[in-house]
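Presented below is the structure to which this report refers.
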Amino acid sequence: MKILYFAWLRERLDRGEEEVSPPSDVKTVADLIGWLRAGDPVADLAMQRPEIIRAAIDAKIVPHSALIAGARIVALFPPMTGG
Amino acid sequence: MKILYFAWLRERLDRGEEEVSPPSDVKTVADLIGWLRAGDPVADLAMQRPEIIRAAIDAKIVPHSALIAGARIVALFPPMTGG
Amino acid sequence: MAIRIITETFDPGAELNAFMAETAGAGAVATFTGLVRSDPVDPITTLTLECYPELAVSQIGAIEAEAVARFGLMRATVIHRYGTLRPGEPIVQVMTLASHRQAAFDGAQFLMDYLKTDAPFWKKEAAPGGERWVEHSAGDDRAKARWR
Amino acid sequence: MAIRIITETFDPGAELNAFMAETAGAGAVATFTGLVRSDPVDPITTLTLECYPELAVSQIGAIEAEAVARFGLMRATVIHRYGTLRPGEPIVQVMTLASHRQAAFDGAQFLMDYLKTDAPFWKKEAAPGGERWVEHSAGDDRAKARWR
């Protein structure tokens with residue numbers, strides 16, 4: 001599964017994407033964020049307020065409760081500031 | 001004093017402007033409309049609903065109660081449909 | 001602030017670009033362009049606008065000044081045509097410049113709502129079946145009233 | 001409906017004219033153009049927009065479809081840039097075509113309100129004193145909430 005990071009989340013992690021293989025008990029976006037934080041102090045700090053992180057699975061915005069099974073690309077990013 | 005007419009009021013009267021010299025007891029726009037109607041059956045019919053006629057004195061919109069003393073140009077016209 | 005009461009046609013895009021050429025740091029431009037409408041089922045051949053130009057300049061000047069003050073606009077331009085127009089031609093364009101989008105949108109809507117009821121133009125449609133004066137719309141009165 | 005997510009600049013007036021070239025009898029066009037703002041007192045040197053293009057296309061497509069259905073628009077176009085822009089350059093333009101002005105205005109405002117909060121762009125300002133990410137605005141959330 002590929003993870004994309006954008007904006008200050010990308011900067012704080014110092015990477016725009018990475019390939020990950022979470023274990024089978026990581027079922028939702030919330031689980032995925034928790035698992036990423038647990039494995040990396042930099043990620044733990046960057047996502048210390050997970051409630052402000054938005055997520056998309058395969059280019060569709062989803063809530064943190066969304067299941068990641070079958071996802072090819074999960075994107076994590078701060079609130080958007082378009083327009 | 002010059003009177004200008006616009007739109008269907010101009011068409012019904014078959015004139016866009018005229019010079020008039022109302023007597024001194026014609027003090028307001030309402031008086032002027034009454035005096036114009038009294039002197040001409042065509043004008044009487046064209047302005048049979050004076051409440052829908054709008055007025056301007058010297059290129060400034062005024063109510064029917066406005067005094068016409070000193071006016072150079074009085075314009076009378078239907079509700080506007082600009083934009 | 002600028003007001004142009006004209007008989008010849010105008011180029012909406014060129015007017016927008018000219019308006020934006022001096023933005024002076026402002027970030028939001030709202031534009032409304034009104035075109036001669038023609039219902040495919042009940043088409044018109046021409047739309048003729050009669051105008052009282054001296055009154056149009058004073059009325060639109062007052063409306064623009066009020067919009068600038070009320071919404072904090074940095075600039076506003078109104079272009080309004082009169083004469084005989086064909087379907088699809090531009091009749092009117094208003095452009096507003098502000099720091100933020102809500103002020104720009106509100107200013108443009110305010111200007112259009114007031115132009116509809118307070119600018120001395122009168123529209124007459126010509127169709128294959130004859131001519132008729134466009135009637136003043138109660139909906140336009142309501143649109144204006146919401147700004148009071 | 002059209003969506004363009006681009007890095008190169010665009011010509012706002014030429015886009016408006018191209019949009020209006022097919023009006024199909026409709027009478028009202030509302031346009032909003034967002035420019036890179038720069039406060040004279042606290043100027044920025046550049047504004048960089050980061051973008052997730054695949055998500056931008058799907059999100060803006062959904063927003064446009066909703067605007068068209070909700071306001072009865074005949075057409076809507078959104079142009080949104082990303083990359084590094086300088087003050088005064090256009091960032092975004094939305095254009096709506098409708099029979100009547102209120103629908104055109106409402107459609108354009110709705111599109112802008114949703115773009116601000118739901119389109120995957122992130123703005124970073126560079127100034128002489130350093131760089132900073134533009135923070136998500138609670139006012140933008142409120143602007144979007146009024147359409148619910």
Side-chain angles (χ1 to χ4, degrees), chain B residues 1-20 22 28-30 32-33 36-37 42-83, chain C residues 3 5 32-37 47-63 78-83 85 90-94 108-126 130-141 143-144:
Chain B
M1 174 186 300
K2 183 187 278 188
I3 306 195
L4 304 180
Y5 301 107
F6 291 96
W8 54 252
L9 189 55
R10 173 184 56 72
E11 285 187 342
R12 291 186 197 174
L13 295 169
D14 200 23
R15 55 186 178 270
E17 58 179 81
E18 63 185 329
E19 283 287 335
V20 298
T28 66
V29 170
L32 178 65
I33 290 172
L36 289 165
R37 292 180 67 188
V42 173
D44 187 40
L45 190 64
M47 294 188 269
Q48 65 182 324
R49 291 176 57 209
E51 71 277 12
I52 65 167
I53 304 292
R54 309 291 167 91
I57 294 179
D58 295 333
K60 187 167 185 306
I61 300 231
V62 295
H64 284 205
S65 58
L67 298 174
I68 61 171
R72 291 187 311 108
I73 298 174
V74 178
L76 299 175
F77 43 83
M80 298 169 272
T81 54
Chain C
I3 302 163
I5 312 294
F32 180 85
T33 313
L35 306 166
V36 179
R37 195 167 53 223
L47 179 71
T48 298
L49 289 102
E50 190 166 325
C51 176
Y52 179 8
E54 293 82 359
L55 184 59
V57 168
S58 68
Q59 283 287 99
I60 298 175
I63 295 164
V78 171
I79 303 166
H80 204 306
R81 289 177 70 193
Y82 64 105
L85 285 63
I91 305 172
V92 62
Q93 183 157 302
V94 308
Q109 286 210 56
F110 176 90
L111 285 169
M112 282 307 305
D113 287 346
Y114 272 78
L115 285 176
K116 288 273 173 187
T117 59
D118 287 20
F121 295 90
W122 299 272
K123 292 191 179 114
K124 188 183 204 177
E125 292 177 348
E131 293 187 336
R132 71 172 192 95
W133 289 98
V134 172
E135 278 190 50
H136 181 75
S137 147
D140 286 334
D141 286 336
K144 188 179 84 165

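Keep in mind the model is a prediction, meaning the values are calculated, not measured. Chain naming here is simple, since letters A, B, ... match the order of the sequence lines and numbering starts at 1 in each.
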Test item: [X] side-chain N/O and [Y] main-chain N/O as donor-acceptor pair under 3.5 Å:
X      : Y      : result
B/R54  : B/I61  : no
B/T81  : C/K123 : yes
C/H136 : C/D141 : no

Would you compute the distance between atom CD1 of B/I3 and atom CG of B/L36 and round it to the nearest 0.5 angstrom? 4.5 Å
Which bit of [X] comes within less than 4.5 Å of chain B, counting heavy atoms only: side chain, backbone, both or neither?
X      : answer
C/E50  : side chain
C/K116 : both
C/T117 : backbone
C/Q93  : neither

Counting heavy-atom pairs under 4.5 Å to chain B, which of C/R81, C/Q59, C/E54 comes out on top? C/Q59
Are C/F121 and C/I5 packed together at the side-chain level, in the sense that at least one heavy-atom pair is separated by less than 4.5 angstrom? yes
Is chain C contacted by the side chain of B/A7, its backbone, both, or neither, given a heavy-atom distance below 4.5 Å? both
